[in-house]
Enquirer: 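There's a structure below that I have some questions on.
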Amino acid sequence: MAEELFSQRTTTCGALNKDDNNKKVVLNGWVHRDRNHGSLHFINLRDRYGITQVVVDDDASPELQGTANELRMEFCIAVTGIVRLRPDSMVNADMATGEIEVKAEKIEILSRCAPLPFQLDDGLETREDLRLKYRYLDLRSQGMQKRLKLRHDFIFSIRKYLSGKDFYEIETPTLIKSTPEGARDFVVPSRLYPGKFYALPQSPQLFKQILMVGGFDKYFQIARCYRDEDARGDRQLEFTQLDLEMSFVKRDDVLSLMEDMFGHVFKEVMDVDLPVRFRRLTYADSMNTYGCDKPDLRFDLPLSDMNELAQKSSFKTFKDIVSAGGYVKALCAPKTEGVEFSRKFITELEDAAKIYGAKGLAWIKVGAENALSGGVSKFFAGLEEELVSKLEANEGDLILFVAHENWKRCCASLSAVRSKLGKDLKLIRKGFEFCWIIDFPLFEYNETGGHWEAAHHMFSMPQSQYLDTLESDPGSVKGDLYDLVLNGYEVASGSIRIHDVELQKRIFRICNFDDETAEDRFGFLLNAFRYGPPPHGGIAPGIDRMVMIMCEETSIHEVIAFPKNTAGISPMDDSPSFLDQEQLDDLHLTINYPKPKE
RNA sequence: GAGGGCGUAGCGAAGCUGGUUAUCGCGACGGCCUGUCACGCCGUAGAUCGCGGGUUCGAGUCCCGUCGCUCUCGCCA
């Protein structure tokens, strides 16, 4: 231990400026770029804080020259030298440290770097599985450094804000009881109890409710959650949410707390001003106007109900669907500079609609003085004025219709068209458009199972006006449920909870859980509710998704240090992996491998 | 479970209706270079064109199968 291992930094690569002239400094970092002019040698040295130019002059000792010539990309080095001003004409205005450079007196190679498997900072051009395999290199890129810093700032700001509002951060277990509803559980076998399993939490839902019964009336947690379902760009097997719950609150208390919190956090982290109150849309209005329950409000392009006009038209396809209880909806794509409403363009929109179940996409072009042409225009003869005024269409616009027996399919299909138009017609405004979706239905019918189930989860409070008709008409019951939507993504979901044993049991029964099963699965919650539970409610914003949107990214992988790929594999550590027979024996497990396909 | 896209040197790409020795940039390696900052210049190595089969005189290119990655539907209270 007597000998010094390396010269330890006295400052960082982002800190020096002209005030440090003539100072002797030590920098530690990585070789970011290396420009060797023979007897004059420039090295851009990088660490988390920035980049500083190091110079090896022609008067350097042969030893120093030799070391400098050995340097390669991403070598980890220590540089001892003197800060000096750059000649006026050599100042680099693009660099934070561009006014100075460090004249090297000593360079120590702390470790060498093998030839890189890909170029750093070309991160986004490189295949993602390669970036994930060598994540430690990818993390050095300025993009990843910036995004993970923002993630840290975001979480830190939330912690400060909530702590200032008297919230306690309390951890809940990650080895818990498997509950039957929701997504598939990840499970952990129990060694001590053969055949028994823990489950990893899909969210801390029941525990946070029990914390309310325990008297911690303002709780939050930055909680890891696990759901064993197929991944997507905006979701993966494990993710992080801000889990939050409060006692003695009503819906609007939760909503305004979140508005205030995100207002503070966005200002502090990004210097962005959010509106004091976010727009509120009922679920029904959102579906009818935007075709989905997570509308991107950075552009307008509303959907219109066309059932009445469809009935008046001579288009048999539409009339049949409306007569059969179906729906016809339309939207009007505005004439846009540089965009031709060609057959190809319309076919691409139609393909987008078909993914969500539409059989086709009917269209009409709007000409001068309400003249209609092309597509299904001939079936609307005599209805030109009514159609054009209903959709507020102008000359050069394109009207698009979707008809479907199923309301949700109709909405979703045309919503996909709306989204594509938003991009193709460049209608999307910059910025952050939050909105609340409220008044969700409490139940939806499970066709395959032939019973009702909770649209969100079974612990949400029905709105009081439906308490007498829960059983007789579950389909029309609205709950005290709310989602927060940002730029077309669902970023938070919450509700006021049930805190009454009898009401909770009624919900279980409607969702096909008899009293015995409910007792077996959720007995601990029902038990807790026998001991003076407070009225309570909460919400859970998704951290990954929010940070992704703040970074203007479209994949949460970009804001997670070590993500899994879409197949649930981590290419770096190669998980999941097989267990030794010994481990399996300890856990009392026998693997039942699937038979290979014929 | 289903559909679309991609797979050519370490990385990113080009390669047209099949036709000599498969190009280009970055990177690697060697050399030259006193003011660069994506330094420049000269040179060298590096590719079973994902894998298997087929059609053809001839396949990176066409066909079939398969694997991997990726986007999406289903799924995700």
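Please read these numbers as outputs of a predicted model, since none were measured by experiment. Just the heavy atoms: all of them, side chains too, but no hydrogens, waters or symmetry mates, feed the values below. Letters A, B, ... mirror the listed sequences (proteins, then strands); counts begin at 1.
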Enquirer: Among B:U70, B:C26, B:C75, which is the nearest nucleotide to the side chain of A:Gln119?
Expert: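 Closest of the options to the side chain of A:Gln119: B:C26.
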Enquirer: Side chains of A:Gln53 and A:Arg35: donor-acceptor distance under 3.5 Å anywhere?
Expert: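 Indeed, the side chains of A:Gln53 and A:Arg35 share at least one donor-acceptor pair under 3.5 Å.
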Enquirer: Which residues in residues 89-107 of chain A have at least one heavy atom lying under 4.0 Å from any atom of RNA chain B?
Expert: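 Heavy-atom contacts with RNA chain B come from A:Met90, A:Asn92, A:Met95, A:Glu101.
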Enquirer: Taking the nucleotide of RNA chain B with the closest heavy atom to each, which residue, A:Gln53 or A:Asn565, is nearer the 5' end?
Expert: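 It is A:Gln53, whose closest nucleotide lies nearer the 5' terminus.
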Enquirer: Contact class for A:Arg33 (heavy atom, under 4.0 Å): base, sugar-phosphate, or nothing?
Expert: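 Touches sugar-phosphate only.
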Enquirer: Under 5.5 Å between ring centres and under 30° between planes: does that hold for A:His37 against the base of B:U36?
Expert: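 A:His37 ring does not meet the centre or angle cut-off for B:U36; no stack.
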Enquirer: Closest nucleotide of RNA chain B for A:Val55 versus for A:Asp230: which of these residues is on the 5' side?
Expert: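 Its nearest nucleotide being more 5', the pick is A:Val55.
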Enquirer: Classify the nucleic acid contact of A:Met73 as base, sugar-phosphate or nothing, counting any heavy atom under 4.0 Å across all strands shown.
Expert: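 The answer is sugar-phosphate, as A:Met73 gets under 4.0 Å only of primed atoms, P, OP1 or OP2.
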Enquirer: Tell me which nucleotide among B:G10, B:C75, B:U70 gets nearest to the side chain of A:Arg184.
Expert: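 Selected nucleotide (nearest to the side chain): B:C75.
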Enquirer: Heavy atoms only: give me the nearest A:Leu132-A:Pro563 pair and the separation to one decimal.
Expert: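 What the structure gives for the nearest pair is CD2-CG, 3.6 Å.
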Enquirer: Do the side-chain N or O atoms of A:Arg235 get closer than 4.0 angstrom to the phosphate oxygens (OP1, OP2) of B:C75?
Expert: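 Looking at the OP1 and OP2 atoms of B:C75, neither is under 4.0 Å from any side-chain N or O of A:Arg235.
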Enquirer: Can you tell me which nucleotide in B:C37, B:C39, B:C29 comes closest to the side chain of A:Arg72?
Expert: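 Comparing B:C37, B:C39, B:C29 against the side chain of A:Arg72, the answer is B:C29.
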Enquirer: Under 4.0 angstrom, heavy atoms only, what part of the nucleic acid is A:Ile51 near: base, sugar-phosphate, or nothing?
Expert: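 Since no nucleic acid heavy atom lies under 4.0 Å of A:Ile51, the category is nothing.
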Enquirer: Does any donor atom in the side chain of A:Glu453 or A:Asn446 lie under 3.5 Å from an acceptor atom in the other side chain?
Expert: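 Yes, because at least one side-chain N or O of A:Glu453 sits under 3.5 Å from a partner of the opposite role on A:Asn446.
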Enquirer: Does A:Thr126 have a side-chain nitrogen or oxygen under 4.0 Å from the phosphate oxygens OP1 or OP2 of B:C11?
Expert: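 Looking at the OP1 and OP2 atoms of B:C11, neither is under 4.0 Å from any side-chain N or O of A:Thr126.
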Enquirer: Assign A:Ala455 to base, sugar-phosphate, or nothing according to its heavy-atom contacts below 4.0 angstrom with the strands shown.
Expert: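 Sugar-phosphate contact only - A:Ala455 comes under 4.0 Å of backbone atoms but never of a base.
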Enquirer: What's the OH-C1' distance between A:Tyr226 and B:C75, to the nearest Å?
Expert: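 It works out to 21 Å between those atoms.
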Enquirer: For the rings on A:Phe239 and A:Tyr226, is their centre-to-centre separation under 6.0 Å?
Expert: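 No, too far apart.
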Enquirer: Would you say the ring centroid of A:Phe42 lies under 6.0 angstrom from that of A:His37?
Expert: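 Here the rings of A:His37 and A:Phe42 have centres that are less than 6.0 Å from each other.
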Enquirer: Considering every strand and a 4.0 Å limit on heavy-atom distances, what is the contact class for A:Arg84: base, sugar-phosphate, or nothing?
Expert: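 Result for A:Arg84 = base.
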Enquirer: Does A:Arg232 put a side-chain nitrogen or oxygen below 4.0 Å from OP1 or OP2 of B:G74?
Expert: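 For A:Arg232, the contact criterion (side-chain N or O under 4.0 Å from OP1 or OP2 of B:G74) is not met.
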Enquirer: Between A:Thr12 and A:Asp47, do the side chains contain a donor N or O and an acceptor N or O under 3.5 Å apart?
Expert: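 Looking only at side-chain atoms, A:Thr12 and A:Asp47 do not form any donor-acceptor pair under 3.5 Å.
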Enquirer: If you take any heavy atom closer than 4.0 Å to RNA chain B, which residues from residues 348-358 of chain A end up in contact?
Expert: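 Correct list: A:Ile355, A:Tyr356.
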Enquirer: Kindly determine whether A:Lys420 and A:Glu350 satisfy salt bridge (charged side-chain N to carboxylate O under 4.0 Å, His left out), including the steps that lead there.
Expert: CA-CA 10 Å; A:Lys420 188 164 166 51; A:Glu350 183 168 24; over 6 Å; no
Enquirer: Do A:Asp520 and A:Thr517 have a side chain donor and acceptor closer than 3.5 Å?
Expert: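 There is no such pair (donor and acceptor under 3.5 Å, judged by atom type) between the side chains of A:Asp520 and A:Thr517.
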Enquirer: Does the side-chain ring of A:Phe118 sit on the six-membered ring of the B:C11 base, less than 5.5 Å centre to centre and under 30° in tilt?
Expert: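 Ring-base stacking flag not set for A:Phe118 and B:C11.
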Enquirer: Classify A:Glu128 by what it touches in the nucleic acid, base, sugar-phosphate, or nothing, heavy-atom distance under 4.0 Å.
Expert: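 Touches sugar-phosphate only.
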Enquirer: Using a heavy-atom cut-off of under 4.0 Å over every strand shown, decide if A:Ser203 touches base, sugar-phosphate, or nothing.
Expert: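 Here A:Ser203 touches the bases of the nucleic acid.
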Enquirer: Considering only NZ, NE, NH1 and NH2 on the basic side and carboxylate oxygens on the acidic side, decide whether A:Glu74 and A:Arg33 come within less than 4.0 Å.
Expert: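 Result for this pair is no, no salt bridge flagged.
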Enquirer: In whole angstrom, give me the gap between the C1' atoms of B:A14 and B:U23.
Expert: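 Between the two C1' atoms, the distance is 7 Å.
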Enquirer: Provide, to the nearest angstrom, the distance between the CD atom belonging to A:Glu229 and the P atom belonging to B:G74.
Expert: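 Computing the A:Glu229:CD to B:G74:P distance gives 13 Å.
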Enquirer: Do A:Asp185 and A:Ser178 pair up side chain to side chain, a donor and an acceptor below 3.5 Å, judged on atom types alone?
Expert: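 Yes - a donor-acceptor pair under 3.5 Å links their side chains.
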Enquirer: Side chains of A:Asn565 and A:Gln236: is there a donor and an acceptor less than 3.5 Å apart?
Expert: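 On atom types as modelled, these side chains do not qualify, holding no pair under 3.5 Å.
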Enquirer: CD of A:Gln142 versus P of B:C37: gap in Å, rounded?
Expert: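 Nearest whole value for this atom pair: 17 Å.
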Enquirer: Does A:Arg35 make a side-chain N or O approach to OP1 or OP2 of B:U36 shorter than 4.0 Å?
Expert: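 No.
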Enquirer: Choosing from B:C76, B:C69, B:G10, which nucleotide comes nearest the side chain of A:Arg127?
Expert: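 Side chain of A:Arg127 sits closest to B:C69.
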